[in-house]
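First up is the structure itself, then whatever we jot down about it.
Whatever order the structure lists them in is the order used to number ligands and atoms, beginning at 1. Quick caveat: nothing in here was measured; it's all calculated off a predicted structure. The first residue in the sequence is number 1, and the count goes up from there.
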Amino acid sequence: MSRVYNFSAGPAVLPEEVLREAAADTLDYKGCGMSVMEMSHRSKMFDDIIKTAESDIRDLMGIPDNYKVLFLQGGASQQFAAVPMNLMKNKKAGYILTGQWAKKAYQEAKLYGEAVELASSADETFSYIPDCSDLPITDDMDYVYICENNTIYGTKFKTLPNTKGKLLVSDVSSCFLSEPVDVSKYGVIYGGVQKNVGPAGMVISIIREDLITDECLPGTPTMLKWKTQADNDSLYNTPPCWTIYICGLVFKWLKNNGGLKGMQEKNEKKAAILYDFLDNSKLFRGTVRKEDRSLMNVPFVTGDEELDKKFVAESKAAGLENLKGHRTVGGMRASIYNAMPIEGVEKLVNFMADFESKNLK
Ligand SMILES: *Cc1c(COP(=O)(O)O)cnc(C)c1O
């Protein structure tokens, strides 16, 4: 068996310990003679799995008691619709456009009400986070929406926007559990888990209790009402059982590895290795304004498309996988999520230095 260093943006690398444990559990989970994939979601066994997962993520993030944690299907994209359906009482909300995922959420919200563009960094290919200290937020807006870490462009909000007292809704898919967070600053935090937490197909939504009501937009499907899901502890219908189980293993792994503070230290160290190299390179350069750089997704280019292609091909041959940039941006992107070991980043940087010495004209 040989594992590569996988820099995929998502689905992405998972901790090796977690994969080994899951493999060992596959034929016989804790002596019950079946795997988690085969057991009833109403069984005592699964009840323990989902309850433990919830209590562990509550510990990790310090989630206050007045917030619900929902494990939902449909991925992050499903919440693009669920957010306006559940929150648009006045049918108006403000969106900060910092990339494709924010734009998709904004376009989806337009199906249900008035979505207002509060700020955008489209003018410079989303390579920075706009100033959000004094946005044109009006009193009738139901919430302000951000995508906190922009997976494709590699930017991250280092300070949250001034929402002028309005609810903040944040998509944290690609920075989920990467550093400590103050949940009380948000109305809703949600993330698709396949970036930094687990297998694809699930979103975890953390929602302040008073926002979970029956007053959804008319026609809201039963499954998309947060109230349905909250009243049934995420078990209204069959949940993604195996995905919840793997996320639970990842939560334990995080707790055993210093929690979110420990992850932040490790993530800062990894990102610094790569950004320091980029800042000193004569061939490669990062594409994001320094103060807005993500710790998770690091896009970079040589400035020469042919050379970029060559880099991607040669890095793959060297066991560094999935470094090709997003199809809309080109170049390269290294996603260095929690489960990427520091050795992977060191190997990448050594490879880049070697490539530079061979290809610099
Ligand atoms: C990947 C991603 C999504 C989409 O997630 P799905 O689970 O595929 O719907 C949404 N937002 C961000 C920030 C992402 O990185």
Checklist entry - Going by heavy atoms, is Gln194 under 4.0 Å from ligand 1? => result yes

Next on the checklist: If you measure every N or O of Cys147 against every N or O of ligand 1, does any of those distances drop under 3.5 Å?
Outcome noted: no

Checklist entry - Are Gln229 and Ser234 linked by a side-chain donor-acceptor pair shorter than 3.5 Å? => result no

Checklist outcome for this item: protein heavy-atom neighbour closest to atom 11 (N) of ligand 1 works out as Asp171 OD2, 2.6 Å

Item to check | Side chains of Asn162 and Asp134 in contact at under 4.5 Å (non-hydrogen atoms) | outcome: no

Checklist entry - Does Lys195 approach ligand 1 within less than 4.0 angstrom via side chain, backbone, both or neither, non-hydrogen atoms only? => result side chain

Item to check | Close approach of Gly10 to ligand 1, heavy atoms, under 4.0 angstrom | outcome: no

Next on the checklist: Before you tell me yes or no, could you show the steps for Lys252 and Asp56 under salt bridge (charged side-chain N to carboxylate O under 4.0 Å, His left out), namely the whole-Å CA-CA distance, both residues' side-chain angles and the distance that decides it to 0.1 Å?
Outcome noted: CA-CA 7 Å; Lys252 290 280 185 226; Asp56 284 340; 2.8 Å; yes

Checklist outcome for this item: Contact region, Ala200 to ligand 1, non-hydrogen atoms below 4.0 Å, reads neither

Checklist entry - Taking the six-membered ring where the residue is Trp, are the ring centres of Phe176 and Tyr190 under 6.0 Å apart? => result no

Checklist entry - What orientation do Tyr153 and Phe126 show, parallel under 30°, tilted 30 to 60°, or perpendicular over 60°? => result tilted

Checklist outcome for this item: Numbered in order shown, the ligand 1 atoms found under 4.0 Å of a heavy atom of Thr151 are 12 (C), 13 (C), 14 (C), 15 (O)

Checklist entry - Would you say the side chains of Gln107 and Lys104 form a donor-acceptor pair under 3.5 Å? => result no

